[in-house]
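Heads up: the structure comes next, in C-alpha cells.
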Amino acid sequence: MQVTLKIFRYNPEVDKKIHYETYNFEAQETDRILDLLEHVKGYFDGTLSFRRSCAHGVCGSDAMRINGRNMLACKVLVRDVGGQITIEPLLGLKIQKDLIVDMEPFFDNYKKVLPWFINDSPLPADERERLQSPQQRARFDDTTKCILCAACTTSCPTFWANDDYLGPAAIVTAHRFIYDSRDEAAAERLHILSETSGVARCHTAYNCTLACPREIEITRAIGELKMSMITGKLD
Ligand code: SF4
Ligand code: FES
C-alpha cells in the first residue's frame, strides 16, 4: 500500500523554525512505524533523527506522537493507524532535533522518588534472602512493568503546565517500591509524593493510562497512593 508520512523536523543548527516534511512510498500493512522511519532515513534523508534501540517494545526509547497519540513506534503497525501518518515528538520536553526530545527533566523527576530498593536491616541469621509471598509480590506487579518511555508523563496536561510535577512515570516507580513488602522507605517516598509537586497535582485526566504501551493501570496506582497517604496503610 501507499503511505504518506508527514514528519516533524527541526534542526537547531540550521532551522529558524520547526517544519514538516512529507514522504510518499510503498509499505506493507504489517510494517511498523519504526520501519517507516528507518526507510525514510535510509532512502530519503539520512539526517532524520529519532531514538530507537530494541525495536521490540522493551527499551522504551522510541515513544513519539503518531497521529496525535503517544505510542512506541516499534509497537504500532501501519494497519493500526492507516496510510496517512503524522509523526511528531513528545510534548512537554524540549526538542533537541527532529523527534528527539531532552529526557533529562523526565529522569530528574524519576530520581526524586528514590527509584531503588532500600532496606539496610540485616537479614535474620537463618535467611539468605528477603522472602516475599506470591500475594505480597502481586501487590505491586503492575507497576514493575514500566519501561520509562515517558509516553504517560508527556501526555499529561498537568505536566505540560508544571514541569516540576513529578508526573505519572515517577509516581508509578514510587508505587512499585512503596508496596514492596521488603522495602523500608515507603514513608519517605509517600512524603515526597505528598509535596506540592506530587500526587495532589493529578486531576485524573486519564491520558497517562490511555498512553501507556505496557497497559499499566496508572490512574489506579495514583489513586492507591492517595489513599495510603490518607489512611497511612499500605495494604
Ligand atoms: Fe511508559 Fe507506561 Fe512507564 Fe509511563 S508507566 S513511562 S507510559 S511504560
Ligand atoms: Fe525499544 Fe521501541 S525501540 S521500545
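For the single chain, residues carry numbers from 1 onward in sequence order. Computation of the quantities below employed the complete heavy-atom set of this structure, encompassing side-chain atoms and omitting hydrogens, waters and symmetry-equivalent molecules. Remember, it's 1-based here, ligands and their atoms both numbered in the order they're listed.
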Enumerated ligand 1 atoms positioned under 4.0 Å from heavy atoms of [X]:
| X | answer |
| --- | --- |
| L148 | 3 (Fe), 6 (S) |
| A150 | 1 (Fe), 6 (S) |
| A169 | 6 (S) |
| R214 | 8 (S) |
| I147 | 3 (Fe), 8 (S) |
| P213 | 7 (S) |
| I218 | 5 (S) |

Record the part of [X] in heavy-atom contact with ligand 2 below 4.0 Å; permitted values are side chain, backbone, both and neither.
| X | value |
| --- | --- |
| V58 | backbone |
| A55 | backbone |
| S53 | backbone |

Going by the angle between their ring planes, with limits at 30° and 60°, are Y20 and F8 parallel, tilted or perpendicular?
perpendicular
Return the orientation label for the Y179 and H175 ring planes: parallel under 30°, perpendicular over 60°, tilted otherwise.
tilted
Proximal atoms of ligand 2 relative to [X] (non-hydrogen, under 4.0 Å):
| X | result |
| --- | --- |
| G57 | 4 (S) |
| C59 | 1 (Fe), 3 (S), 4 (S) |
| G60 | 1 (Fe), 4 (S) |
| C74 | 2 (Fe), 3 (S), 4 (S) |
| C54 | 1 (Fe), 3 (S), 4 (S) |

Protein residue, atom and distance nearest to [atom], heavy-atom basis:
| atom | result |
| --- | --- |
| atom 2 (Fe) of ligand 1 | C212 SG, 2.3 Å |
| atom 1 (Fe) of ligand 1 | C149 SG, 2.4 Å |
| atom 3 (Fe) of ligand 1 | C146 SG, 2.3 Å |

Has C152 got an N/O/S atom less than 2.8 Å from atom 1 (Fe) of ligand 1?
no
Is the count of non-hydrogen atoms from other residues, nucleotides or ligands lying under 6.0 Å from [X] atom [atom1] greater than 12?
| X | atom1 | answer |
| --- | --- | --- |
| E215 | CD | no |
| M227 | CE | no |
| D126 | CG | yes |
| Q136 | CD | yes |
| R137 | CZ | yes |

Is the closest basic N to carboxylate O distance between [X] and [Y] below 4.0 Å?
| X | Y | result |
| --- | --- | --- |
| K75 | D62 | no |
| R9 | D45 | yes |
| R182 | E129 | no |

Between S197 and D164, does any side-chain donor sit less than 3.5 Å from a side-chain acceptor?
no
Can you see whether E184 engages S121 through a side-chain donor-acceptor pair at a distance of less than 3.5 angstrom?
yes
C208 N/O/S atom closer than 2.8 Å to atom 4 (Fe) of ligand 1
no
